[in-house]
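One structure is given below, encoded as C-alpha coordinates.
These numbers come from the heavy atoms of this one structure, side chains and all, not from hydrogens, waters or symmetry mates.
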Amino acid sequence: MRGDAAAGGTGSGPDRQAEREARAAGYARICGIDEAGRGPLAGPVVAAAVILPEDFELPGLNDSKKLSAKRREVLFEALMGDDRVQKSVAEASVEEIDRLNILRATHLAMRRAAEGLNPRPDFCLIDGLAVPGFPLPSRNMVKGDARCLCIAAASILAKVSRDHLMQQLDREFPMYGFARHAGYGTAAHLKALREYGVSPHHRRSFAPVAQMALPLEF
(Lines give C-alpha, C1' and ligand atoms only; values in the text may rest on other atoms or scores of the structure.)
Protein backbone atom coordinates (compact mmCIF):
# COMPACT_ATOMS: atom_id res chain seq x y z
CA MET A 1 0.00 0.00 0.00
CA ARG A 2 2.99 2.31 -0.33
CA GLY A 3 2.50 5.31 -2.58
CA ASP A 4 -0.40 7.37 -3.86
CA ALA A 5 -0.37 9.09 -7.23
CA ALA A 6 -3.65 10.95 -6.88
CA ALA A 7 -3.33 14.67 -6.23
CA GLY A 8 -6.69 15.46 -4.70
CA GLY A 9 -9.67 14.14 -2.81
CA THR A 10 -13.36 14.09 -3.49
CA GLY A 11 -13.81 17.73 -2.60
CA SER A 12 -16.09 16.91 0.35
CA GLY A 13 -13.44 17.26 3.05
CA PRO A 14 -11.28 14.67 4.77
CA ASP A 15 -12.76 11.24 5.47
CA ARG A 16 -11.66 7.86 6.81
CA GLN A 17 -11.54 5.89 3.57
CA ALA A 18 -7.74 5.48 3.65
CA GLU A 19 -7.95 4.18 7.21
CA ARG A 20 -10.66 1.70 6.24
CA GLU A 21 -8.49 0.45 3.39
CA ALA A 22 -5.55 -0.01 5.75
CA ARG A 23 -7.71 -1.92 8.23
CA ALA A 24 -8.99 -4.13 5.43
CA ALA A 25 -5.35 -4.92 4.65
CA GLY A 26 -4.85 -6.14 8.22
CA TYR A 27 -3.49 -3.07 10.02
CA ALA A 28 -4.97 -2.00 13.36
CA ARG A 29 -3.04 1.01 14.71
CA ILE A 30 -3.22 3.52 11.87
CA CYS A 31 -1.87 7.03 12.32
CA GLY A 32 -1.91 10.16 10.23
CA ILE A 33 1.24 12.27 9.95
CA ASP A 34 1.68 15.87 8.81
CA GLU A 35 4.19 18.68 9.30
CA ALA A 36 4.27 22.44 9.65
CA GLY A 37 7.05 24.90 9.04
CA ARG A 38 8.95 23.83 5.94
CA GLY A 39 8.94 27.30 4.41
CA PRO A 40 9.78 29.78 7.18
CA LEU A 41 13.15 31.46 7.61
CA ALA A 42 13.21 30.78 11.36
CA GLY A 43 12.17 28.17 13.89
CA PRO A 44 11.98 24.37 13.83
CA VAL A 45 9.93 22.17 11.54
CA VAL A 46 7.25 20.36 13.55
CA ALA A 47 5.46 17.08 12.78
CA ALA A 48 2.55 15.34 14.47
CA ALA A 49 1.27 11.77 14.41
CA VAL A 50 -2.34 11.03 15.39
CA ILE A 51 -4.39 7.86 15.86
CA LEU A 52 -8.12 8.53 16.04
CA PRO A 53 -10.61 6.16 17.67
CA GLU A 54 -12.83 4.45 15.10
CA ASP A 55 -15.97 6.23 16.34
CA PHE A 56 -14.28 9.64 16.53
CA GLU A 57 -16.21 12.75 15.50
CA LEU A 58 -15.08 16.36 15.65
CA PRO A 59 -17.19 18.78 13.58
CA GLY A 60 -15.14 21.14 11.46
CA LEU A 61 -11.94 19.08 11.50
CA ASN A 62 -10.15 19.85 8.27
CA ASP A 63 -6.82 20.72 6.69
CA SER A 64 -5.26 23.34 8.97
CA LYS A 65 -4.54 25.62 5.99
CA LYS A 66 -8.28 25.95 5.33
CA LEU A 67 -9.10 27.14 8.85
CA SER A 68 -8.74 30.40 10.73
CA ALA A 69 -6.21 30.63 13.55
CA LYS A 70 -9.07 30.82 16.07
CA ARG A 71 -10.72 27.69 14.68
CA ARG A 72 -7.41 25.83 14.66
CA GLU A 73 -6.94 26.65 18.36
CA VAL A 74 -10.42 25.31 19.18
CA LEU A 75 -9.76 22.05 17.33
CA PHE A 76 -6.28 21.78 18.84
CA GLU A 77 -7.71 22.02 22.37
CA ALA A 78 -10.37 19.43 21.53
CA LEU A 79 -7.81 16.98 20.15
CA MET A 80 -5.33 17.52 22.98
CA GLY A 81 -8.04 17.20 25.60
CA ASP A 82 -9.45 13.90 24.30
CA ASP A 83 -7.64 11.00 25.95
CA ARG A 84 -8.97 8.61 23.31
CA VAL A 85 -6.93 10.43 20.66
CA GLN A 86 -3.35 9.13 20.64
CA LYS A 87 -0.94 11.83 19.57
CA SER A 88 2.73 12.66 19.35
CA VAL A 89 4.37 15.94 18.36
CA ALA A 90 8.06 16.15 17.42
CA GLU A 91 10.40 18.61 15.77
CA ALA A 92 13.66 18.96 13.93
CA SER A 93 15.72 21.90 15.12
CA VAL A 94 17.11 24.82 13.17
CA GLU A 95 20.57 23.23 13.53
CA GLU A 96 19.28 19.99 12.02
CA ILE A 97 17.58 21.87 9.19
CA ASP A 98 20.85 23.65 8.35
CA ARG A 99 22.86 20.44 8.60
CA LEU A 100 20.53 18.03 6.78
CA ASN A 101 18.46 20.36 4.52
CA ILE A 102 14.79 21.12 5.08
CA LEU A 103 13.39 18.04 3.32
CA ARG A 104 15.49 15.56 5.27
CA ALA A 105 14.84 17.44 8.51
CA THR A 106 11.09 17.28 7.81
CA HIS A 107 11.33 13.53 7.30
CA LEU A 108 13.28 13.26 10.55
CA ALA A 109 10.54 15.11 12.45
CA MET A 110 7.92 12.82 10.90
CA ARG A 111 9.81 9.70 11.97
CA ARG A 112 10.21 11.10 15.48
CA ALA A 113 6.48 11.83 15.69
CA ALA A 114 5.53 8.30 14.62
CA GLU A 115 8.07 6.72 16.97
CA GLY A 116 6.75 8.89 19.80
CA LEU A 117 3.44 7.03 19.84
CA ASN A 118 3.37 4.29 22.48
CA PRO A 119 2.66 1.66 21.40
CA ARG A 120 3.87 2.52 17.94
CA PRO A 121 1.47 2.48 14.98
CA ASP A 122 1.64 -0.41 12.58
CA PHE A 123 0.68 1.72 9.57
CA CYS A 124 1.12 5.43 8.76
CA LEU A 125 -0.76 7.68 6.37
CA ILE A 126 1.67 10.48 5.53
CA ASP A 127 0.84 13.81 3.93
CA GLY A 128 2.82 14.56 0.79
CA LEU A 129 5.32 12.53 -1.14
CA ALA A 130 7.02 9.32 0.00
CA VAL A 131 9.45 9.52 2.92
CA PRO A 132 12.58 7.51 2.02
CA GLY A 133 13.61 4.98 4.64
CA PHE A 134 10.50 5.46 6.77
CA PRO A 135 10.70 2.80 9.50
CA LEU A 136 7.05 1.71 9.43
CA PRO A 137 4.65 0.50 6.73
CA SER A 138 3.15 3.61 5.17
CA ARG A 139 1.18 5.20 2.38
CA ASN A 140 1.88 8.71 1.20
CA MET A 141 -1.08 10.90 0.24
CA VAL A 142 -0.58 14.08 -1.76
CA LYS A 143 -2.86 16.72 -0.20
CA GLY A 144 -3.63 14.13 2.44
CA ASP A 145 -4.54 16.78 5.00
CA ALA A 146 -7.58 17.64 2.85
CA ARG A 147 -8.46 13.99 2.15
CA CYS A 148 -7.79 11.92 5.26
CA LEU A 149 -9.22 12.72 8.69
CA CYS A 150 -6.30 11.49 10.79
CA ILE A 151 -3.85 13.47 8.63
CA ALA A 152 -6.08 16.55 9.03
CA ALA A 153 -5.91 16.06 12.80
CA ALA A 154 -2.13 15.79 12.59
CA SER A 155 -2.01 18.99 10.52
CA ILE A 156 -3.86 20.85 13.28
CA LEU A 157 -1.55 19.59 16.02
CA ALA A 158 1.61 20.31 14.01
CA LYS A 159 0.54 23.81 12.94
CA VAL A 160 -0.74 25.01 16.31
CA SER A 161 2.15 23.42 18.24
CA ARG A 162 4.59 25.24 15.99
CA ASP A 163 2.70 28.51 16.32
CA HIS A 164 2.96 28.18 20.10
CA LEU A 165 6.71 27.59 19.81
CA MET A 166 7.09 30.70 17.68
CA GLN A 167 5.12 32.70 20.23
CA GLN A 168 7.63 31.59 22.86
CA LEU A 169 10.50 32.70 20.62
CA ASP A 170 8.74 36.02 20.14
CA ARG A 171 8.96 36.67 23.87
CA GLU A 172 12.70 35.98 23.70
CA PHE A 173 13.32 38.00 20.52
CA PRO A 174 10.37 40.43 20.20
CA MET A 175 12.10 42.57 17.59
CA TYR A 176 11.52 39.97 14.82
CA GLY A 177 7.74 39.60 15.19
CA PHE A 178 7.75 35.80 15.28
CA ALA A 179 4.29 35.69 16.88
CA ARG A 180 2.82 37.54 13.89
CA HIS A 181 4.44 35.75 10.97
CA ALA A 182 5.64 32.45 12.56
CA GLY A 183 9.05 32.91 10.94
CA TYR A 184 7.87 33.25 7.34
CA GLY A 185 9.65 35.71 5.08
CA THR A 186 7.24 38.60 5.27
CA ALA A 187 8.31 42.12 4.43
CA ALA A 188 8.29 43.01 8.13
CA HIS A 189 10.45 39.98 8.97
CA LEU A 190 12.99 40.78 6.25
CA LYS A 191 13.12 44.38 7.45
CA ALA A 192 13.81 43.18 11.01
CA LEU A 193 16.56 40.89 9.72
CA ARG A 194 18.22 43.80 7.98
CA GLU A 195 17.95 45.93 11.10
CA TYR A 196 18.84 43.43 13.84
CA GLY A 197 20.78 40.74 12.04
CA VAL A 198 20.38 36.98 12.34
CA SER A 199 19.19 35.37 15.59
CA PRO A 200 20.11 31.85 16.81
CA HIS A 201 16.68 30.71 15.64
CA HIS A 202 17.11 31.66 11.99
CA ARG A 203 17.86 29.05 9.33
CA ARG A 204 21.24 30.07 7.99
CA SER A 205 20.97 27.64 5.07
CA PHE A 206 17.98 29.57 3.69
CA ALA A 207 19.06 32.11 1.08
CA PRO A 208 17.56 35.32 2.55
CA VAL A 209 19.12 34.57 5.94
CA ALA A 210 22.43 33.41 4.47
CA GLN A 211 22.77 36.64 2.51
CA MET A 212 22.14 38.77 5.59
CA ALA A 213 24.52 36.71 7.71
CA LEU A 214 27.46 37.44 5.40
CA PRO A 215 29.88 40.10 6.60
CA LEU A 216 29.81 43.27 4.55
CA GLU A 217 32.83 43.91 2.38
CA PHE A 218 33.84 47.37 1.31
Side-chain angles (χ1 to χ4, degrees), residues 8-9 13-16 18 31-52 56 58-82 85-94 96-97 102-103 105-117 121 124-129 131 140-172 176-186 188-189 201-203 206:
D15 58 32
R16 309 201 72 171
C31 82
I33 300 176
D34 201 5
E35 54 74 29
R38 284 182 60 172
L41 305 180
V45 60
V46 175
V50 177
I51 299 176
L52 299 175
F56 182 79
L58 182 57
L61 181 58
N62 204 336
D63 171 9
S64 65
K65 296 185 292 297
K66 297 182 178 180
L67 303 171
S68 68
K70 183 176 180 180
R71 185 60 185 160
R72 286 195 297 266
E73 287 283 353
V74 170
L75 294 171
F76 176 84
E77 293 298 333
L79 290 165
M80 293 299 293
D82 191 333
V85 177
Q86 300 171 56
K87 53 261 183 182
S88 169
V89 178
E91 65 181 71
S93 68
V94 167
E96 289 170 323
I97 292 170
I102 185 58
L103 181 60
T106 298
H107 293 167
L108 176 61
M110 287 177 163
R111 290 196 296 272
R112 286 172 172 166
E115 291 169 348
L117 290 169
C124 299
L125 297 164
I126 305 174
D127 183 63
L129 301 176
V131 179
N140 63 289
M141 297 183 69
V142 175
K143 298 185 179 179
D145 46 6
R147 301 166 58 195
C148 175
L149 199 68
C150 61
I151 298 179
S155 78
I156 295 290
L157 295 192
K159 169 62 175 168
V160 177
S161 294
R162 188 179 186 279
D163 285 348
H164 290 173
L165 285 171
M166 297 308 294
Q167 290 160 15
Q168 293 174 19
L169 295 184
D170 185 77
R171 290 191 286 272
E172 184 181 356
Y176 295 104
F178 291 144
R180 295 192 300 275
H181 51 64
Y184 283 88
T186 65
H189 189 184
H201 302 291
H202 281 96
R203 302 174 181 180
F206 279 42

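- In this structure the side chain of V160 never reaches within 4.5 angstrom of the side chain of E77, judged on heavy atoms.
- Considering every non-hydrogen atom in both A114 and P121, the closest pair reads O-CD, 3.5 Å.
- In this structure, L41 CG and H201 NE2 are separated by 14.5 Å, a value rounded to the nearest 0.5 Å.
- Shortest non-hydrogen contact noted between R71 and G60 is NH2-CA, 3.8 Å.
- Sorted by first and then second residue, the salt bridge (Lys or Arg N to Asp or Glu O under 4.0 Å) pairs involving residues 150-165 (not counting sequence neighbours) are K159-D163.
- For the pair F56/D82, a side-chain contact is recorded, criterion being any heavy-atom separation below 4.5 Å from C-beta on.
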Mind running side-chain contact (heavy atoms from CB on, under 4.5 Å) on I126 and M110 for me, showing each step along the way?
CA-CA 9 Å; I126 305 174; M110 287 177 163; 3.9 Å; yes
Could you go through the side-chain contact (heavy atoms from CB on, under 4.5 Å) check for L52 and Q86 one step at a time?
CA-CA 7 Å; L52 299 175; Q86 300 171 56; over 6 Å; no
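- Residue A113 comes nearest to A90 through the heavy atom pair N-CB, 3.6 Å, listed as atom of the first residue, atom of the second, then distance.
- Note: H189 and F178 meet the aromatic proximity criterion, with ring centroids under 6.0 Å apart.
- Here the NZ-SG distance, from K143 to C148, works out to 16.0 Å after rounding to the nearest 0.5 Å.
- Within the 4.5 Å cutoff, the side chain of D127 has no heavy atoms near those of the I33 side chain.
- Two residues are said to be in side-chain contact when any heavy atoms from C-beta on lie closer than 4.5 Å; D145 and I156 fail this criterion.
- Inter-residue side-chain proximity for P14 and I151 is flagged as unmet; no heavy-atom pair is nearer than 4.5 Å.
- Within the 4.5 Å cutoff, the side chain of D170 has no heavy atoms near those of the M166 side chain.
- Here the two rings, on H181 and Y176, have centers that are 6.0 Å apart or farther.
- Distance CG/L117 to OG/S88: 5.0 Å, rounded to 0.5 Å.
- Atom CZ in R111 sits 12.0 Å away from atom SG in C124 (nearest 0.5 Å).
- Note that R203 lies in the cation-pi zone of F206, set by a 6.0 Å cut-off to the ring centre and a 45° limit from the axis.
- The minimum heavy-atom distance between L125 and C150, with the atom names listed, is CD1-SG, 3.9 Å.
- The shortest side-chain heavy-atom distance between H164 and S161 does not fall under the 4.5 Å cut-off.
- At least one donor-acceptor pair under 3.5 Å links the side chain of R147 to the backbone N or O of V142.
- Contact check for V85 versus V50: side-chain heavy atoms found under the 4.5 Å cut-off.
- Rounding to the nearest 0.5 Å places CZ of R72 at 13.5 Å from CG of L79.
- Among pairs with a residue in residues 33-43, none fulfils side-chain hydrogen bond (donor to acceptor under 3.5 Å, both in side chains), at least two apart in sequence or across chains.
- Expressed to the nearest 0.5 Å, how far NZ of K70 lies from CG of L75 amounts to 12.5 Å.
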